[in-house]
Enquirer: 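Take a look at this one; I'll ask things after.
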Amino acid sequence: MLLDVKDLSVGFKTEYGLLNAVNEVEMHIDKGEFVALVGESGSGKTITSLSLMRLIEFNNGKITSGKITFQDQQLEKLSQRQMSEFRGSRIAMIFQDPMNALDPVYPIGQQIAEVLIKHKNMPKKKADQQAIELLGKVGIPDPKTRLKQYPYEFSGGMLQRVVIAMALACKPELLIADEPTTALDVTTQAQILSLLLQLREEFGMAILLITHDLGVAAQLADRVVVMYSAKVVEEAVAEKLFQSPSHPYTRGLLKSIISLDSERKTSLFSIDGSIPALDNIPSGCRFHPRCEYATELCKSKEPPLADKGDSRVACWHTDKLPEEWKLEAASTLEKLEEPDEEKRSALIEVENLSKHFSLKKGIFDKKQVLQAVDNVSFSIRRGETFGLVGESGSGKSTLGRMLLQLEPPTAGEIRFEGKKIINVNADEKKKLKANMQMIFQDPSGSMDPKWKIGNVIAEPLTVHRNLKGDEKRTYVKELMQMVGLNPDWYNRYPNQLSGGQKQRVAIARAIALDPAFILADEAVSALDVSVQSQVINLLQDLQKKLGLTYLFIGHGMNVVRHISDRIGVMYLGQLVEIAQTDELFRNPKHHYTKSLINAIPNPAEKKNTFSQVKGSIPSPTKPPSGCKFHTRCPAATKICKTAKPSLEEDTDGHYVACHHPLTAQAALESKEEMEVQT
Amino acid sequence: MGRYILNRVGISSLVVLGSMTLIFFLLHILPGDSARLIGGDNVSDERVAELQTQFGLDRPLFEQYLSYITGVLTGNLGTSFIDNQPVLSKIMLHFPATLTLTLFSTLIAIVIGVGLGILSAVYQKSWFDYMVRFVNLFSISMPSFWLGILLILVFSIQLRLLPALGSGTWQQLILPSICLGVIGSGLLARMVRNSVLELKNEHFVLALRAKGLRERSIIYKHVLRNALIPAITVIGILIGELLAGSVVTETVFSRQGIGRLIVDSINQKDIPTIQGTLLIAAVLYILVNLLVDFSYAYIDPRIRKSLVK
Amino acid sequence: MNTVYSKAAGEPLKKSKSIHLKRFNLSSVSFSLSLIMILVLILCALFPGVIAPYSPFQMNQAVVMSPPSFTHVFGTDQFGRDMFSLIVYGTRQSLMMGLLAVLLGGFTGTVIGLLAGYFGGIIDTIFMRLTDILLTIPNILLAIAISAALGPSLLNIIVAVSFSAVPNYARVIRGQVIAIKSRPYIDASKTIGMPRMKIIMRHVLPNCSSQIIVMAALGIGTSILISTGLSFLGLGVIKEIPDWGYLLSQGRSYITIAWWIVTFPGLVITLLVIAVNILGDELRDRLDPKRTRA
């Protein structure tokens with residue numbers, strides 16, 4: 001055994017006393033083992049990882065009880081000075097946001113060498129040499145020049161590689177990776193995960209992966225530990241955990257995952273409620289208020305983490321629940337109706353829409369142009385959900401903002417119900433605004449913190465309907481009921497609600513004027529898995545009830561797939577492919593679309609590699625010539641570098657902008673090929 | 001790099017032009033009639049008209065403005081209403097005393113301010129920290145003229161250690177420099193303490209700890225280097241404040257500096273001299289800020305690298 | 001129906017416990033002392049006749065420049081006036097200069113900051129270049145120049161001090177407005193069709209308010225220092241009842257023989273500014289969203 005954690009509790013000193021953020025956690029990691037610690041935000045997983053390194057003490061935290069045994073050392077007893085000998089040499093750590101994990105004012109080479117000089121007493125020259133070697137190993141091209149560069153000169157993915165190189169400098173026995181890919185784009189995420197797996201082989205170290213993403217955990221880890229509200233609720237070998245979970249929470253999480261083979265447009269499984277705040281922990285089993293199987297026993301007494309042979313579970317009903325679940329019908333989910341054919345006329349038509357931002361720093365600097373959206377045309381049909389996917393910098397949000405007139409387009413035309421909407425008079429503008437609404441990514445940011453939520457929801461009514469007093473109140477309360485909020489919370493402030501609840505408020509505000517069209521810009525991306533499905537279900541329900549048309553912008557392919565009728569794929573400001581959802585996933589024609597689909601983690605299959613697309617998105621200020629994807633495309637030829645492919649209908653309703661579109665057969669073959677290569 | 005310097009210098013010259021304009025119009029919308037004031041109490045109307053012609057005050061305002069600007073560009077700041085001396089030579093006469101005072105008080109402020117700021121942040125919540133914060137609160141809340149008078153009371157009158165008034169010898173420089181320096185150090189220490197504390201909570205500092213570096217090297221090698229960037233901004237502002245503070249301090253210690261010159265010319269309504277001294281102060285301030293900008297470029301790689309291209 | 005929504009969305013987060021449960025500590029002691037100090041001075045400004053033991057005009061040749069004693073706690077000045085009474089009577093003018101300058105400067109700066117920050121573009125460029133230029137002349141010099149140009153009067157000192165503070169307010173508020181402008185709730189109001197002025201008044205201004213209050217509180221200290229400095233230099237108003245800065249400058253001539261004439265007015269200024277600064281810091285800690293969220 002490499003690391004053994006027993007009864008670990010960690011508290012934070014606050015004005016009101018000690019807040020218990022980690023409670024009697026038990027886990028162990030064997031030599032060379034890959035363990036995933038899974039939990040939603042607020043579960044205490046990150047605090048646990050920081051406590052293992054004894055770093056929590058710098059953040060006001062304190063290990064209040066328990067033992068952390070590393071090899072034969074009791075880490076909790078060491079002084080910080082002794083502990084620093086372990087950190088970075090025998091236990092290393094990588095962090096969620098690589099952009100903030102490095103000192104901005106030193107070159108990266110010096111920061112890697114620093115570790116070697118500190119722990120191995122290496123002379124500077126040799127340390128630099130070693131740093132070059134390490135950078136090469138983590139896949140940074142031309143390490144010799146990049147050694148002298150500063151963190152801001154790297155992209156997020158490249159920087160995470162640098163952080164990994166730094167962590168591996170002293171060949172640690174344990175690597176703690178805290179959400180190492182959460183801040184990265186989908187294609188980059190696959191690259192980093194593959195790198196981790198490959199390096200683990202090479203260095204033979206154990207890895208503790210902290211993640212909220214069960215899909216990633218399932219694919220990579222040997223063993224999985226699930227945390228909920230500061231406690232471990234289940235721990236098992238990965239295969240066992242995914243095939244037959246024992247804790248209702250684990251099972252709920254697993255069922256909330258939207259996989260690629262799930263049936264689209266169904267209402268998703270979701271766990272009710274949200275994670276309790278640390279200063280308001282429920283009695284008994286901490287999961288009982290959200291558990292459909294809770295009994296009196298669960299409410300009064302906390303279940304211990306009990307050994308069940310092949311797993312350990314903290315639940316009073318482990319003996320009978322898994323049996324019950326096996327008998328349960330495979331799927332009782334209701335299928336939502338497809339909208340009628342006659343309704344499917346175009347609601348919004350976009351023609352040759354472009355948005356160019358000009359960036360200029362000083363009076364003597366040259367003007368730079370950022371092509372956020374570049375000549376995009378598509379239409380959204382009445383009653384459908386149009387999904388828009390793309391990585392950060394693809395221009396999908398700018399496109400959405402132009403539709404809602406938050407941003408004036410540089411060129412092109414937008415028509416709503418057949419009428420032009422750019423440069424219309426104030427009256428028509430007001431009418432349009434009532435008809436088009438938006439839901440934002442950040443639920444906290446999208447409402448004024450100084451407003452009561454009742455007033456937040458009523459804001460559109462005061463502008464358009466002139467409702468007052470009781471009339472307004474009644475109407476708002478109806479809306480609150482419709483989105484599943486308790487109407488008695490009318491007078492609460494946004495900071496008293498959880499993320500999912502806030503998103504419901506935002507939805508209530510968006511539907512208040514009974515609009516025809518709602519733009520959902522990454523509306524579920526910031527939410528926890530268990531809450532995400534609640535909000536998706538609500539959106540789907542409302543669409544059915546109110547006949548809404550959605551533009552659903554997202555970067556998670558599986559979520560967009562589930563909710564959308566048709567999908568458009570954006571890359572560097574251009575639409576590269578549009579198709580019916582099933583057609584797009586079955587038969588992607590653009591090489592970029594295919595790589596996005598391949599990058600989706602799938603808990604059902606265990607993999608040692610991820611198919612990946614090389615490189616990262618070029619800067620939109622200097623887009624590549626010709627086909628913008630040619631720098632990363634496996635099928636690029638000469639013509640791709642010079643001629644820009646236009647978006648053309650390939651087969652019925654399937655548009656693609658590519659000189660060498662994939663055929664159905666080729667798509668299948670090259671997927672296999674890529675996996676062999678990596 | 002060249003383009004960056006060109007940019008900064010270009011903007012700064014525009015700002016200088018702006019300040020010149022502002023100062024000119026500020027002083028010329030002045031309701032009091034300078035010619036009458038200079039003439040004395042029982043001046044005849046003929047004499048006033050004569051004086052107005054002599055100083056060019058009867059010309060249209062815009063014409064006066066243009067000739068003022070062209071004058072400044074050719075190095076002519078005009079002549080004093082009072083003694084007909086060129087303003088530039090008057091300023092040059094008073095300049096050294098102010099420059100040395102500003103320089104020494106800045107040095108004192110930096111040494112004390114940065115030092116105390118760092119130490120009190122490193123030993124946050126210790127008795128030392130509380131003491132430093134208490135002293136700082138005093139030094140930023142004291143009027144500089146009062147501190148100057150207290151220093152004179154203690155060191156010149158009671159202890160008879162240092163001369164109270166005058167400028168010229170180095171002994172006469174000590175009390176005014178301490179007076180201004182202490183007040184500046186309070187501002188600086190407060191700011192340095194805050195930025196070090198903020199940096200201590202930065203994510204990359206956690207990452208440095210995870211690398212196994214000791215607190216000492218994290219603070220002295222990484223945190224301080226980063227704290228330097230905001231500190232330099234504050235030092236730039238501080239030099240401006242100390243320059244301005246010298247107006248009051250020079251009055252307290254009867255130093256023959258720019259500050260005295262301004263106060264005296266205001267009392268005498270000597271517009272060309274007020275105008276010239278204000279302009280010199282503004283130009284100095286702009287120069288200091290230009291230096292601040294360039295030192296950013298030296299310290300912050302994000303700026304430095306973008307310049308080389 | 002009731003059960004459906006409450007179960008689906010879960011219970012709301014518990015409201016944080018009251019912040020008044022703070023332990024007794026150093027900062028709360030200095031906070032209450034500051035509050036008392038300010039209250040006493042406000043009383044002095046409102047009812048000087050009740051507090052001062054002597055009339056400020058009463059000259060007593062018998063006690064010219066007598067050191068502090070039980071009858072004259074702060075001593076007497078060169079005319080035999082009671083220093084303590086003079087200081088009490090000078091409070092009104094000194095406080096008024098500081099407060100009014102902050103109100104005037106804060107208001108103008110806030111309006112400029114709001115407009116420049118929210119509308120951006122050419123308005124922003126013009127205002128910000130103007131403040132750039134104003135900032136090149138250090139505030140006390142600017143105040144000196146303005147009060148020299150306008151001539152000595154109470155109003156002119158206030159105008160001069162507040163004008164010199166405007167660029168600072170405008171910059172900070174502008175920065176805050178730009179930050180708020182990028183928050184999604186502003187976009188949300190725009191998509192609803194809320195008129196621009198309403199967005200500014202209902203969303204932007206309330207969310208800058210804590211910043212404005214904190215700046216104003218801390219600005220009172222600076223204003224008092226500058227305005228007393230101006231009257232120390234002789235640019236203030238010479239009235240029958242002198243303000244603190246003027247008292248101090250008068251005392252300078254007698255510094256070798258009567259230390260108390262210069263010491264006490266300065267001490268009162270310092271204590272007042274300290275109290276105001278402590279209050280401002282405390283307000284910042286309570287109101288600043290960046291700090292309270294942690």
Side-chain angles (χ1 to χ4, degrees), chain B residues 11-12 14-19 21-23 26-32 130 134 137-138 140-147 149-150 152-153 156-158 164 201 237 240-245 247-248 251-252 259 262-263 265-267 269 271 274-275 277-279 281-286 289, chain C residues 26-27 30 129-130 132-151 163-164 218 221-222 224-226 228-230 232-235 244-245 248-249 251-252 255-257 259 261-263 265-278 281 290 294:
Chain B
I11 289 172
S12 300
L14 285 180
V15 173
V16 170
L17 192 71
S19 313
T21 313
L22 177 81
I23 293 167
L26 206 65
L27 292 173
H28 283 81
I29 51 163
L30 171 143
Y130 282 114
F134 184 72
L137 189 63
F138 247 91
I140 60 170
S141 305
M142 249 189 275
S144 60
F145 46 90
W146 187 57
L147 178 62
I149 287 171
L150 286 188
I152 291 174
L153 266 177
S156 308
I157 296 173
Q158 293 297 320
N201 285 327
I237 297 169
E241 299 246 326
L242 294 184
L243 202 66
V247 177
V248 181
T251 311
V252 173
I262 285 195
V263 174
S265 4
I266 284 176
N267 287 333
K269 292 270 171 180
I271 293 176
I274 307 176
Q275 207 163 255
T277 33
L278 282 179
L279 181 63
V283 168
L284 268 179
Y285 185 79
I286 292 164
N289 273 297
Chain C
L26 208 67
S27 78
S30 57
R129 289 295 86 78
L130 268 179
D132 267 347
I133 291 165
L134 280 176
L135 281 173
T136 59
I137 308 172
N139 55 8
I140 188 153
L141 281 188
L142 192 60
I144 287 176
I146 296 171
S147 64
L150 298 176
F163 193 64
S164 68
L218 293 172
T222 319
I224 290 172
L225 287 181
I226 294 180
T228 50
L230 289 182
F232 175 80
L233 292 176
L235 296 167
W244 298 336
L248 227 165
S249 74
R252 268 185 70 214
I255 185 172
T256 43
I257 39 176
W259 57 269
I261 305 184
V262 289
T263 306
L267 187 66
V268 175
I269 298 174
T270 308
L271 288 180
L272 170 60
V273 177
I274 287 181
V276 166
N277 280 339
I278 288 176
D281 279 348
K290 210 171 83 199

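The sequence lines fix the lettering, A, B, ..., with proteins before strands; numbering per chain opens at 1. Remember, it's a predicted structure, so these values are computed and weren't measured experimentally.
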Enquirer: If you compare all heavy atoms of B:Pro143 against all heavy atoms of C:Gly266, which two are closest, and at what distance to 0.1 Å?
Expert: CD-O, 4.5 Å
Enquirer: In terms of heavy-atom proximity below 4.5 Å to chain C, should B:Ile152 be classed as side chain, backbone, both, or neither?
Expert: side chain
Enquirer: As an exercise: rank B:Phe145, B:Phe138, B:Tyr285 by heavy-atom pairs under 4.5 Å with chain C and give me the winner.
Expert: B:Phe145
Enquirer: Looking at B:Trp146 and C:Ile269, would you say the former's side chain and the latter's main chain have a donor-acceptor pair under 3.5 Å?
Expert: no
Enquirer: So do B:Thr277 and C:Leu141 actually touch side chain to side chain, heavy atoms under 4.5 Å?
Expert: no
Enquirer: Quick one: do C:Thr136 and B:Val283 satisfy side chain to side chain contact (heavy atoms under 4.5 Å, CB included)? Show the steps, please.
Expert: CA-CA 8 Å; C:Thr136 59; B:Val283 168; over 6 Å; no
Enquirer: State, with a plain yes or no, whether a side-chain heavy atom of C:Trp259 is found less than 4.5 Å away from one of B:Ile157.
Expert: no
Enquirer: Using every non-hydrogen atom in the two residues, find where B:Ala244 and C:Ile140 come nearest and quote the distance to one decimal.
Expert: CB-CG2, 3.4 Å
Enquirer: At a heavy-atom separation under 4.5 Å, does B:Leu243 approach chain C through its side chain, its backbone, both, or neither?
Expert: neither
Enquirer: Grab the two heavy atoms, one from C:Ile133 and one from B:Val15, that are nearest each other, plus how far apart they are.
Expert: CG1-O, 4.1 Å
Enquirer: Chain C heavy atoms under 4.5 Å from B:Leu22: which part of the residue, side chain, backbone, both or neither?
Expert: side chain
Enquirer: Counting heavy-atom pairs under 4.5 Å with chain B, which one of C:Leu135, C:Val276, C:Ile224, C:Leu272 comes out on top?
Expert: C:Leu135
Enquirer: Can you confirm whether B:Leu147 sits close enough to C:Thr270 that some side-chain heavy atom of one is under 4.5 Å from a side-chain heavy atom of the other?
Expert: no
Enquirer: Working note: B:Ile11 + C:Asp132, criterion side chain to side chain contact (heavy atoms under 4.5 Å, CB included); need CA distance, chi angles, decisive distance, verdict.
Expert: CA-CA 10 Å; B:Ile11 289 172; C:Asp132 267 347; 5.8 Å; no
Enquirer: Quick check for you: among C:Leu267, C:Ile137, C:Leu248, C:Asn277, which has the greatest number of heavy-atom pairs under 4.5 Å with chain B?
Expert: C:Leu267
Enquirer: Under 4.5 Å, counting heavy-atom pairs only, tell me which of C:Asp281, C:Ile226, C:Leu142 racks up the most with chain B.
Expert: C:Asp281
Enquirer: Under 4.5 Å between any side-chain heavy atoms of C:Phe232 and B:Ile149, yes or no?
Expert: yes
